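Step one of this worksheet: look at the structure below.
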Amino acid sequence: MEVRFVQPTNRHVVIAMTDETRSGPRPTWADAFFAVRDEMRRWIDDALQRHGATPYQGGHDEGTFISSWFGFHQLFGEPRVLEFARFLRDGFAAWSREHMLHGFYREGEAHHQTEIYTFFLARLWQVDPDDETAELIVDAAHHIGNWVEGCPDWYDWDDHRFLSWHIGTERVGAGGSSGYEVPDHFRLIQIALVAHRITGDRRYLDLSTAYAGRWARAILDAPVDEPPIILRSGDSVADESEVLSAIGAHHQGDSPLERVEPHVPAGTADVMLDLFALTGEERYAQASRRLCEAMLPALADPYSNPPGALLNRYRAATGDTSLDDAITDHVEPRAWHRACDAAEELVAAYAESRRPEHAYAARELIRRLSDSPEYPELLIEIMEDYTALTGDELYLDDPPYVSGPVEEFVLAHGLPSWIVTDQAGDLRTLGRLTRELAERFPELEIQCVDLPCLRDRPVLVVDTLSREPVSGIGKRRDMVRWASAPSFGTLDEVEGPPPPSLMLAWQITGDHDLAAPSLRMVADRLALARTSLRDGRRHGCAGSTISAVASGHGRDGGYGNITGAFLPLAGGMLRDLCQERPTVRFRQVDGTPHLPDEVASLVRLLPGQGAEARLWNDAEEPIALDIAGLEGEWTRVDLAAGETMELHVR
């Protein structure tokens with residue numbers, strides 16, 4: 001299949017208002033939006049109380065626990081975030097002068113010793129560029145291309161390869177610790193590309209393109225389910241244990257997901273998309289597509305946050321929507337399809353059994369499904385079969401009317417207790433209804449519409465007893481687990497897609513019943529983490545911290561519930577050289593560059609066509625704000641009290 005890649009080129013933004021303007025109660029997505037925002041503010045408040053006066057302690061990833069704060073600041077305006085980040089930055093600078101040599105660790109490796117640069121300093125510079133932060137990044141980048149006299153070489157310019165995974169300004173791996181490369185080396189390329197943006201110096205880009213080009217060829221030459229994770233040079237004598245340590249001790253399997261997993265924390269797909277944006281060369285987009293395609297099966301995994309976020313960035317950055325059908329096939333449950341399947345099963349059951357309760361249950365499910373414009377064709381045939389069997393004409397826009405055996409059943413039994421009485425057709429109602437129908441008719445194969453956030457009370461579980469390697473993408477042994485509590489003392493582990501996967505499905509389908517659950521799950525998970533876990537300053541890679549829930553742990557590549565789901569939904573934010581950048585920008589009428597507190601936003605990216613922004617005014621009076629694309633001119637928007645407005649940014 002030929003895929004055509006399109007780089008976003010529009011720099012002048014036109015905003016066209018659609019007919020989608022409504023007034024009414026607060027939408028469910030807006031309610032969840034405000035819940036996430038408020039939980040983030042509470043966490044920042046709490047964390048600053050705990051850490052605001054504590055000097056930098058020298059941890060290799062000590063600043064990474066505030067990774068999600070930078071994008072939050074861009075959207076809502078939190079100057080205290082930048083003040084604290086500069087405090088940490090200055091502490092790191094002082095510590096590095098005493099303990100480092102020429103701006104980098106004297107010895108270490110490409111995984112851990114790069115994290116303070118890629119997950120903290122690069123983010124800070126992207127959001128609040130200044131000379132102090134730039135100097136720290138560029139000093140480290142000097143070593144990547146051997147541009148510091150008196151320090152050992154890291155890079156072989158003849159073969160465009162790194163000499164070892166073990167790097168430092170005094171010691172570089174040799175012998176059994178050399179002669180191979182792994183995805184972690186892309187963390188060095190991330191630093192080089194940020195240095196290129198800071199300085200404009202071409203040498204950083206030349207090194208990055210040459211090095212990434214080797215990997216791009218290897219990725220494209222391999223089958224999609226066998227991406228390369230090791231590139232060996234001809235004289236490599238590294239043993240297997242050395243290489244396994246470099247690709248990640250948490251994952252030692254050889255399944256397709258295990259093979260693509262090391263590329264996620266290393267940022268390989270992100271770097272390829274960065275290079276596509278910088279050079280326009282399609283080989284980088286093709287390599288990123290290949291890696292993203294290999295991640296598709298993980299979209300439904302409740303603990304795999306990165307695939308949804310990476311695929312979302314890939315679609316927007318390249319304009320390629322060829323994976324959309326495969327994405328929606330993998331994001332389970334496909335709620336409306338499941339509900340239609342349940343209605344069809346009930347109609348078929350009535351045809352065989354002639355039990356009126358089967359017909360009545362089918363009728364109630366069909367009526368609720370009719371509220372969704374998403375799958376009208378699926379319903380038409382089911383409705384026709386239902387009417388032919390029961391004689392009950394369904395006039396879905398009229399008050400309830402029943403006839404034939406269904407009417408007899410209602411008259412005989414009244415409204416059955418096992419039918420929910422509210423008439424809404426949202427996913428919460430469908431979830432309750434399909435669960436009750438499955439319990440009522442266990443002989444039928446009714447699958448529940450069961451998005452995790454539609455179930456009972458959410459629960460966070462900390463389980464660090466197992467020392468066995470975990471399989472899949474975005475997994476660590478010490479990660480928190482998610483469950484629900486249908487009753488006291490009973491826990492059901494969560495199944496179904498995580499928030500970034502639901503966010504991605506919303507981007508593709510525009511179904512608000514996917515955006516709202518994604519936001520609600522983020523709010524619930526952040527609230528549970530904020531009140532139960534440590535912040536993550538002592539160990540930014542750890543899996544059982546608030547920062548791990550917000551911006552990911554050591555195997556997530558910076559994609560957590562906030563960075564991977566909330567920021568893309570709220571501002572269309574996409575990763576760009578280590579830091580999320582908003583596709584749609586907001587500012588208040590006085591020029592303050594963030595969203596007014598009374599307004600909720602929901603952004604859907606339309607590859608090659610701009611974006612849709614849905615706004616809700618939660619105030620009791622009109623409010624005005626300005627909206628713009630990434631680099632476009634500002635346009636004034638006036639929102640009435642309690643109004644939802646949809647805008648097209650293109």
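Owing to the predicted nature of the structure, the values given are computational and were not obtained by experimental measurement. Throughout, residue positions are numbered sequentially from 1 according to the sequence presented.
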Report task. Under the side chain to side chain contact (heavy atoms under 4.5 Å, CB included) rule, what do L577 and Q126 come out as? Steps first, then yes or no, please. Result -> CA-CA 8 Å; L577 296 185; Q126 291 274 56; 3.3 Å; yes
When you compare the side chain of [Y] with that of [X], does any pair of heavy atoms fall below 4.5 Å?
{"X": "L273", "Y": "T318", "answer": "yes"}
{"X": "H185", "Y": "W154", "answer": "no"}
{"X": "L630", "Y": "V584", "answer": "no"}
{"X": "F33", "Y": "L595", "answer": "yes"}
{"X": "L205", "Y": "L278", "answer": "yes"}

Atom [atom1] in [X], atom [atom2] in [Y]: separation rounded to 0.5 Å?
{"X": "Y204", "Y": "R197", "atom1": "OH", "atom2": "CZ", "value": "15.0 Å"}
{"X": "Q579", "Y": "L574", "atom1": "CD", "atom2": "CG", "value": "11.5 Å"}
{"X": "H196", "Y": "I191", "atom1": "NE2", "atom2": "CD1", "value": "16.0 Å"}
{"X": "T209", "Y": "I189", "atom1": "OG1", "atom2": "CD1", "value": "9.0 Å"}
{"X": "R123", "Y": "S67", "atom1": "CZ", "atom2": "OG", "value": "4.5 Å"}
{"X": "M295", "Y": "D301", "atom1": "CE", "atom2": "CG", "value": "13.5 Å"}

Requested in this report: Would you sort out whether Q190 and V271 count as a side chain to side chain contact (heavy atoms under 4.5 Å, CB included), showing the intermediate values?
Outcome: CA-CA 7 Å; Q190 287 180 315; V271 169; 3.5 Å; yes
Report task. Examine distances only and state if a side-chain atom of H648 and a backbone atom of G610 form a donor-acceptor pair shorter than 3.5 Å. Result ->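 Side chain of H648 to backbone of G610: no pair is present.
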Using a strict cut-off of less than 4.0 Å between a Lys/Arg side-chain nitrogen and an Asp/Glu carboxylate oxygen, indicate whether [X] and [Y] qualify as a salt bridge.
{"X": "R481", "Y": "E493", "result": "no"}
{"X": "E646", "Y": "R614", "result": "yes"}
{"X": "E181", "Y": "R232", "result": "no"}

Query raised in the report: Does the cation-pi check pass for R575 over Y559, that is, NZ or CZ under 6.0 Å from the six-membered ring centre and within 45° of its axis?
Result: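 Geometry flag: set, cation within 6.0 Å and 45°.
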Query - Verdict with reasoning, H142 to W147, per ring pair (Phe, Tyr, Trp, His ring centres under 6.0 Å) - result: CA-CA 5 Å; H142 287 161; W147 296 305; 7.5 Å; no
Report task. Check V603, L605, V649 against T583 for a side chain to side chain contact (heavy atoms under 4.5 Å, CB included) and give me the one that passes. Result -> L605
Query raised in the report: With distance as the sole criterion, is a donor-acceptor pair present between the side chains of H60 and E115 under 3.5 Å?
Result: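 The criterion, which ignores hydrogens and geometry beyond distance, is satisfied for E115 and H60.
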Query raised in the report: Is it the case that T28 and R520 place a side-chain donor and acceptor less than 3.5 Å from each other?
Result: no
**Report entry** Criterion ring pair (Phe, Tyr, Trp, His ring centres under 6.0 Å) on Y284 and W215, from CA distance to verdict
**Finding:** CA-CA 9 Å; Y284 301 120; W215 275 95; over 10 Å; no
What's the shortest heavy-atom distance between [X] and [Y], and which atoms?
{"X": "G554", "Y": "P265", "answer": "O-CB, 3.4 Å"}
{"X": "S304", "Y": "P498", "answer": "O-CG, 3.2 Å"}
{"X": "I144", "Y": "A192", "answer": "CD1-N, 3.9 Å"}
{"X": "D159", "Y": "R214", "answer": "O-CD, 3.4 Å"}
{"X": "A266", "Y": "D184", "answer": "CB-N, 3.7 Å"}
{"X": "R37", "Y": "F76", "answer": "CD-CE2, 3.5 Å"}

Report task. Carefully, step by step, assess R476 and C541 under the rule side chain to side chain contact (heavy atoms under 4.5 Å, CB included). Result -> CA-CA 10 Å; R476 276 177 61 105; C541 298; 3.9 Å; yes
**Report entry** Step-by-step ring pair (Phe, Tyr, Trp, His ring centres under 6.0 Å) determination, Y211 to H160
**Finding:** CA-CA 5 Å; Y211 182 75; H160 293 293; 8.9 Å; no
Requested in this report: Evaluate the side chain to side chain contact (heavy atoms under 4.5 Å, CB included) criterion for residues D556 and I473: first the C-alpha distance (whole Å), next the side-chain angles of each, then the deciding distance (0.1 Å), finally the verdict.
Outcome: CA-CA 8 Å; D556 278 325; I473 294 174; over 6 Å; no
Requested in this report: Indicate the ring-plane relationship of F162 and Y155, choosing parallel, tilted or perpendicular according to the 30° and 60° boundaries.
Outcome: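 Correct class here is perpendicular.
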Query raised in the report: Hey, mind stepping through F65 and F120 against ring pair (Phe, Tyr, Trp, His ring centres under 6.0 Å) and telling me if it holds?
Result: CA-CA 8 Å; F65 80 102; F120 174 60; 8.8 Å; no
